[in-house]
Structure formats: C-alpha cells, structure tokens
Amino acid sequence: MHEDVLKILARRSVRAFTAQPVPDATLRDLLKAAMSAPSAAARDPWHFIVVRNPVLLSRLAELLPHGTLIAHAAAGIVVCGDKQAAHRQDLSYLLQDCSAATENLLLAASMMGLGACWLGIHPNRERIAGFRERLGLPSAIIPVAAVALGFPQERPAPRTRYRTDSVHRECW
Ligand SMILES: Cc1cc2nc3c(=O)[nH]c(=O)nc-3n(C[C@H](O)[C@H](O)[C@H](O)COP(=O)(O)O)c2cc1C
C-alpha cells in the first residue's frame, strides 16, 4: 500500500489523552489544515471555536452523552457553520463543508502525533441548543461537531474498513 494512504489509515479515534497541553502553533496548523478542505463554491462557511478552559470543557461534556471524554481533553474545537455563508444558503452544503474541514483536522492531528475524536452535535436538537447557549452562538451559526484533542494516551492500530461489497464498478 502507498505510504501516504497508510497515514490516512493511521487516523483512529483517540478517546484518552495525557495532561500535556497542545501548543498554540500546533492548534494554528490544525486550523490551517481544516480550512484547506474542499468547500462548495469555496464559500468556506465554517467557524471554529477553540476551547482550552477545563471548566468549559466539562460543561460541554455535559451536553454530549457519547462525548464525555472531552472533559479530559487538552482542548476542544467546536466546528460550526454559518448558514448565510454556505453555498445557496443550503444546510446540506454547510454540513458537507464542515464535515470535510473536520476530517482534515482529524487527519492533520493524527499526522502530527496528536489524538483526536469527532463528537457528533448535528442533527441532535438538544445538543445544538446546548452548544448555542453555552458558547453564545448567533442564530445563523449551526454547531456541527466537537473535536476532542490532546496527546494520545492510547494508540489504536491503523485499519481500513474496506469492503468489496461497498464498491460498484461502472454501475450498481
Ligand atoms: C458524525 C460522527 C459522529 C461521531 N460521534 C461520536 C461520539 O459522539 N462519540 C464518540 O466517541 N465517537 C464519535 N464518532 C467517532 C466514530 O465512533 C468513529 O469514527 C468510528 O467508530 C470509526 O472509528 P475510527 O475513527 O477509529 O476509525 C463520530 C463520528 C462521526 C463521523
């Protein structure tokens, strides 16, 4: 397998982190990677809220039944989209663009030796309302995902979930 594809396979969800803080320069590199993602009509409707305050991280964890691990992360990045800025002001484009940015962020984190996990917010109504309230989001801003981030305390093995029956050639 090509060595660059192996780097993509090495990205796994990491859910346990050391206490080591993530340097500002590293966070900036991650955000540069996120904001190099493809975006419909290059509208770049994304916004990123970096959270380092452990008290706030714990308060965000309260909103995420499957994401309590963010309370113990060195940082969290909440990926949001601006519906007014999205291509055709369409929610689907907003979600696709923000998801591409989130995956870029996860891949960059993995390649830089960090651990990260995507924690779903959208489309859960309670989580959207909770993040709106706790982060003071304007009404046009939609929280899509939270990324828990830190130096990894676990290292899941690289893998693909490649399945031949998911691949169709020329037609279904
Ligand atoms: C939209 C979305 C929402 C997710 N939400 C959560 C979550 O709430 N909690 C969690 O631990 N992992 C969450 N994940 C991570 C998946 O569980 C994980 O990517 C999947 O099990 C595959 O494992 P891998 O990332 O190690 O390859 C989410 C992933 C996506 C794409």
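Computed over heavy atoms, backbone and side chain alike; hydrogens, waters and symmetry mates excluded. Just so you know, these numbers come straight off a predicted model, no measurement behind them.
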Enquirer: Say you draw a straight line from CG of Leu63 to CG of Leu119; how long is it, rounded to the nearest 0.5 Å?
Expert: 11.5 Å

Enquirer: Search all heavy atoms of Pro152 against all heavy atoms of Val14 and return the closest pair with its distance.
Expert: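 So the minimum-distance heavy-atom pair works out to CB-CG1, 3.9 Å.
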
Enquirer: Which distance, rounded to the nearest 0.5 Å, do you find between the NZ of Lys7 and the CE of Met1?
Expert: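 It comes to 14.0 Å.
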
Enquirer: List the steps, then state whether side-chain contact (heavy atoms from CB on, under 4.5 Å) holds for Phe48 with Val78.
Expert: CA-CA 6 Å; Phe48 303 86; Val78 182; over 6 Å; no

Enquirer: Spell out, as yes or no, whether a donor-acceptor pair under 3.5 Å connects the side chain of Arg127 to the backbone of His122.
Expert: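 Between the backbone of His122 and the side chain of Arg127 there is no qualifying donor-acceptor contact (under 3.5 Å).
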
Enquirer: Quick check for you: to the nearest 0.5 Å, what is the distance between Asn53 atom CG and Ser58 atom OG?
Expert: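 Atom-to-atom, Asn53:CG and Ser58:OG are 8.5 Å apart.
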
Enquirer: I'd like to know if the side chain of Ser99 pairs up with that of Glu103 as donor and acceptor (distance under 3.5 Å, no hydrogens or angles considered).
Expert: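 Per modelled atom types, Ser99 and Glu103 side chains form no pair under 3.5 Å.
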
Enquirer: Answer whether the closest heavy-atom distance between the side chains of Ile70 and Val147 falls below 4.5 Å.
Expert: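 No, every pair of side-chain atoms sits at 4.5 Å or beyond.
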
Enquirer: Given 3.5 Å as the limit, does a donor-acceptor pair link the side chain of Asp82 with the main chain of Trp46, or not?
Expert: no

Enquirer: Give, for atom CZ of Phe131 and atom CG of Leu60, the distance between the pair rounded to the nearest 0.5 Å.
Expert: 4.5 Å

Enquirer: Between the main-chain N or O of Ile141 and the side-chain N or O of Arg132, is there a donor-acceptor pair closer than 3.5 Å?
Expert: yes

Enquirer: Nearest heavy-atom pair of Leu57 and Gly76: which atoms, and what distance?
Expert: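 The answer is CD2-N, 3.7 Å.
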
Enquirer: Counting C-beta onward and ignoring hydrogens, is there a side-chain heavy-atom pair between Thr26 and Met112 closer than 4.5 Å?
Expert: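 Yes, at least one pair of side-chain atoms sits under 4.5 Å.
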
Enquirer: Please walk me through it: do Arg52 and Asp24 pass salt bridge (Lys or Arg N to Asp or Glu O under 4.0 Å)?
Expert: CA-CA 11 Å; Arg52 287 175 174 285; Asp24 275 337; 2.8 Å; yes

Enquirer: Any idea which heavy atoms bring Ala61 and Ala71 closest together, and the distance?
Expert: CB-CB, 3.8 Å

Enquirer: Using a 4.5 Å cut-off on heavy atoms from C-beta on, say whether the side chain of Arg159 contacts that of Leu9.
Expert: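 Counting from C-beta outward, Leu9 and Arg159 never come under 4.5 Å.
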
Enquirer: Are any of the side-chain heavy atoms of Pro54 and Leu56 separated by less than 4.5 Å?
Expert: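 Not in contact.
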
Enquirer: Do the side chains of Ser39 and His87 get nearer than 4.5 Å, heavy atoms only?
Expert: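 Side chain of His87 against side chain of Ser39, heavy atoms only: no contact under 4.5 Å found.
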
Enquirer: If I take atom CD from residue Gln89 and atom NZ from residue Lys83, how far apart are they, to the nearest 0.5 angstrom?
Expert: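 Atom-to-atom, Gln89:CD and Lys83:NZ are 8.0 Å apart.
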
Enquirer: In terms of hydrophobic clustering (I, L, V, M, F, W, Y; side-chain heavy atoms under 4.5 Å; direct or indirect links), are Ile8 and Leu106 co-clustered?
Expert: no

Enquirer: Same cluster or not: Leu107 versus Val79, using hydrophobic residues (I, L, V, M, F, W, Y) connected whenever any side-chain heavy atoms lie under 4.5 Å apart?
Expert: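 No, Leu107 and Val79 fall in different hydrophobic clusters.
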
Enquirer: The test is side-chain contact (heavy atoms from CB on, under 4.5 Å); show your working for Ile142 and Ile121 and say whether it passes.
Expert: CA-CA 9 Å; Ile142 298 168; Ile121 300 174; over 6 Å; no

Enquirer: Between Glu154 and Phe17, is any pair of side-chain heavy atoms under 4.5 Å apart?
Expert: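 Sidechains of Phe17 and Glu154: no contact.
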
Enquirer: Please find the pair of heavy atoms, one from Leu149 and one from Ala109, that lie closest to each other, and give the distance.
Expert: CD1-CB, 4.0 Å

Enquirer: Are any side-chain N or O atoms of Arg134 and backbone N or O atoms of Arg59, one a donor and one an acceptor, separated by less than 3.5 Å?
Expert: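 Yes, because the side chain of Arg134 sits within donor-acceptor range (under 3.5 Å) of the backbone of Arg59.
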
Enquirer: Where the side chain of Arg43 meets the backbone of Ala85, is there a donor-acceptor pair that is under 3.5 Å apart?
Expert: yes

Enquirer: Taking the side chain as C-beta and beyond, is there a heavy-atom pair between Thr160 and Val5 under 4.5 Å?
Expert: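 Answer no - side chains too far apart.
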
Enquirer: To the closest 0.5 Å, what do you measure between SG (Cys80) and CG (Leu135)?
Expert: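 So the SG of Cys80 and the CG of Leu135 are separated by 7.0 Å.
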
Enquirer: Would you say Glu133's side chain and Ala129's backbone share a donor-acceptor pair under 3.5 angstrom?
Expert: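 Judged by distance alone, no pair lies under 3.5 Å.
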
Enquirer: Side-chain heavy atoms nearer than 4.5 Å, only ILVMFWY residues, links allowed to pass through others: does that put Leu31 and Leu137 together?
Expert: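 Result: no, two separate clusters.
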
Enquirer: Are side-chain heavy atoms of Val51 and Ile77 found at a separation under 4.5 Å?
Expert: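 Val51 vs Ile77: side chains apart.
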
Enquirer: Please check this pair: side chain of Gln20 against backbone of Gly150, looking for a donor-acceptor N/O pair closer than 3.5 Å.
Expert: no

Enquirer: Shortest non-hydrogen contact from Asn104 to Ser36?
Expert: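 Reported closest heavy-atom pair: ND2-OG, 3.3 Å.
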
Enquirer: On a heavy-atom basis, which atom in Val22 and which in Phe151 lie closest, and how many Å separate them?
Expert: CA-CE1, 4.2 Å

Enquirer: Before giving the answer on side-chain contact (heavy atoms from CB on, under 4.5 Å), spell out for Val144 and Leu94 the whole-Å C-alpha distance, their side-chain angles and the decisive distance to 0.1 Å.
Expert: CA-CA 9 Å; Val144 176; Leu94 179 154; 3.8 Å; yes

